[in-house]
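See below for the structure under consideration.
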Amino acid sequence: MDRKVVVEAIQKIISEIKEKCIIKNTAIRDGIFGILENECTVIYYPFDEEKNRGFHIKKIVKNELEDFVYINTAKPIAEQIFAAAHEFGHIWEVAAKVWDRLGYEGKPTEQEEEDITDWFAAEFLMPTNEFRKTFSAHMNELGIKPGKVKLDEVVRLIVLQMDDFMVTYESVRRRLEETGIMKKDSADFLLSKHEEALELVDVFIKDRNTYLGNGTCVKTISGIRTVIENAESKENVDSYLLMKIKKEFGIADMPAAEEGFEIHIGENGDE
């Protein structure tokens, strides 16, 4: 599997997805959650002891096969975002589309599917041209010249990229080589300094006004408030069960609406 050829196919698929989903922003960032929710039901819940950042399953609901994605909100926001982009790639069956587009025989293996979906997530969140452009801008900002640089300078640049695209250190590190900013020998050397680099990442993140390293610990399911409000409006509903669900997911009651006025939107000028 030629990675360069696969990524070229992924870029074309991303253009098609953006057109179909009406996605105009270059930097997706945490907008990925809304994009994902338009395609499936998303369950957000924190599990501190769980290593998994998220997963995608299909279940039959009312005789229809539907997509569900779980996002572990105990993980740092950058990890949640990458997990959401990765699972979005599974929903769109990007790996299968790449396989068909390139005329490969059979189906991708499980590992090939995961690799392609990871490459999709990276390209979706950090488009090559935008990534290179912002990295160059940060080099100018910090007065760093192309060529041999110190580890702390590289990590400082990586943290700025992390902040721009709301992604993990590892995602940016890999992207440096994938986009041709860093040659393989330099990328391998950076990988060998992984522990030292992560210590510097923690230092630089704490110096910035960012929530990159924090989990959100959100507890919700996309569309759950509407479902509960509809259930509460029906007769013979189990009010105790609804109360337990609302308590578990921290769903506050809506404040009482003020009576006596109307709001008009989407109307043309004066009559």
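Basis for what follows: all heavy atoms, side chains included, without hydrogens, waters or symmetry-related copies.
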Looking only at heavy atoms, what is the nearest atom pair of [X] and [Y], with distance?
X    : Y    : result
M139 : P146 : CE-N, 3.7 Å
P46  : K219 : CD-CG, 3.5 Å
F135 : Q161 : N-OE1, 3.5 Å
C21  : W92  : SG-CZ2, 3.5 Å
I14  : F124 : CD1-N, 3.6 Å
A121 : H86  : CB-N, 3.8 Å

Knowing that exactly one of V155, L198, L200, L151 qualifies, which makes a side-chain contact (heavy atoms from CB on, under 4.5 Å) with K193?
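Per the side-chain contact (heavy atoms from CB on, under 4.5 Å) rule, the option paired with K193 is L151, out of V155, L198, L200, L151.
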
Any donor and acceptor pair, going by atom type alone, linking the side chain of [X] with main-chain N or O of [Y] inside 3.5 Å?
X    : Y    : result
S186 : M182 : no
W119 : V6   : no
R174 : Y169 : no
R132 : T179 : yes
E50  : N72  : no
T134 : F131 : yes
E87  : Y70  : no
T117 : H90  : no

With side chain to side chain contact (heavy atoms under 4.5 Å, CB included) as the test, would you mind laying out the steps for V42 and C40 before giving the verdict?
CA-CA 6 Å; V42 186; C40 67; 3.9 Å; yes

Counting C-beta onward and ignoring hydrogens, is there a side-chain heavy-atom pair between [X] and [Y] closer than 4.5 Å?
X    : Y    : value
I28  : F88  : no
F120 : Q11  : no
K59  : D67  : no
E93  : E113 : no
V61  : F68  : yes
I224 : I245 : yes
E79  : P76  : yes
I205 : M162 : yes

Do [X] and [Y] belong to the same hydrophobic cluster, where Ile, Leu, Val, Met, Phe, Trp and Tyr are linked whenever their side-chain heavy atoms lie under 4.5 Å apart, directly or via other members?
X    : Y    : result
I60  : I221 : no
I22  : L36  : no
F82  : L160 : yes
V203 : L157 : yes
L191 : V167 : no

Salt bridge check: are R156 and E153 linked by an N-O gap of less than 4.0 Å?
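Salt bridge: no.
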
So, K246 and E232, do they make that salt bridge, N to O below 4.0 Å?
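E232 and K246: salt-bridged.
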
In Å and rounded to the nearest 0.5 Å, what is the [atom1] to [atom2] distance from [X] to [Y]?
X    : Y    : atom1 : atom2 : answer
E178 : R175 : CD    : CZ    : 5.0 Å
E199 : D152 : CD    : CG    : 13.0 Å
D118 : S171 : CG    : OG    : 8.0 Å
L190 : L176 : CG    : CG    : 7.5 Å
D188 : K183 : CG    : NZ    : 13.5 Å
I10  : L102 : CD1   : CG    : 9.0 Å

Is the [atom1] atom of [X] crowded by more than 12 outside heavy atoms at less than 6.0 Å?
X    : atom1 : value
N230 : CG    : yes
Y104 : OH    : yes
E248 : CD    : yes
E141 : CD    : yes
K58  : NZ    : yes

Check step by step if side-chain hydrogen bond (donor to acceptor under 3.5 Å, both in side chains) holds for D164 and H138.
CA-CA 10 Å; D164 282 342; H138 289 316; 2.4 Å; yes

Is there a side-chain hydrogen bond (donor to acceptor under 3.5 Å, both in side chains) between T128 and E123? Walk through the geometry before answering.
CA-CA 7 Å; T128 297; E123 189 66 38; 3.1 Å; yes

Run Y44 and T220 through side chain to side chain contact (heavy atoms under 4.5 Å, CB included) and show every step you take.
CA-CA 5 Å; Y44 303 91; T220 191; 3.4 Å; yes

Assess the residue pair E37 and V69 against the criterion (side chain to side chain contact (heavy atoms under 4.5 Å, CB included)); give the C-alpha distance rounded to whole Å, side-chain angles, the decisive distance to 0.1 Å, and a yes or no.
CA-CA 9 Å; E37 287 174 13; V69 167; over 6 Å; no

Determine, stepwise, if the pair E16 / K20 fulfils salt bridge (Lys or Arg N to Asp or Glu O under 4.0 Å).
CA-CA 6 Å; E16 294 167 3; K20 288 180 181 178; 5.5 Å; no

Is the distance between the ring centroids of Y45 and F47 under 6.0 Å?
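Ring-ring flag for F47/Y45: true, centres closer than 6.0 Å.
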
Q80 versus T73, side-chain donor and acceptor atoms under 3.5 Å
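The criterion, which ignores hydrogens and geometry beyond distance, is not satisfied for Q80 and T73.
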
For E66 and T41: C-alpha separation, side-chain torsions, deciding distance, then whether side-chain hydrogen bond (donor to acceptor under 3.5 Å, both in side chains) applies.
CA-CA 8 Å; E66 295 192 11; T41 299; 4.8 Å; no

Test log, rule side chain to side chain contact (heavy atoms under 4.5 Å, CB included), inputs E105 and W99
CA-CA 8 Å; E105 294 183 0; W99 221 249; 6.0 Å; no

side-chain hydrogen bond (donor to acceptor under 3.5 Å, both in side chains) between T109 and E112, worked out:
CA-CA 5 Å; T109 65; E112 286 169 334; 3.3 Å; yes

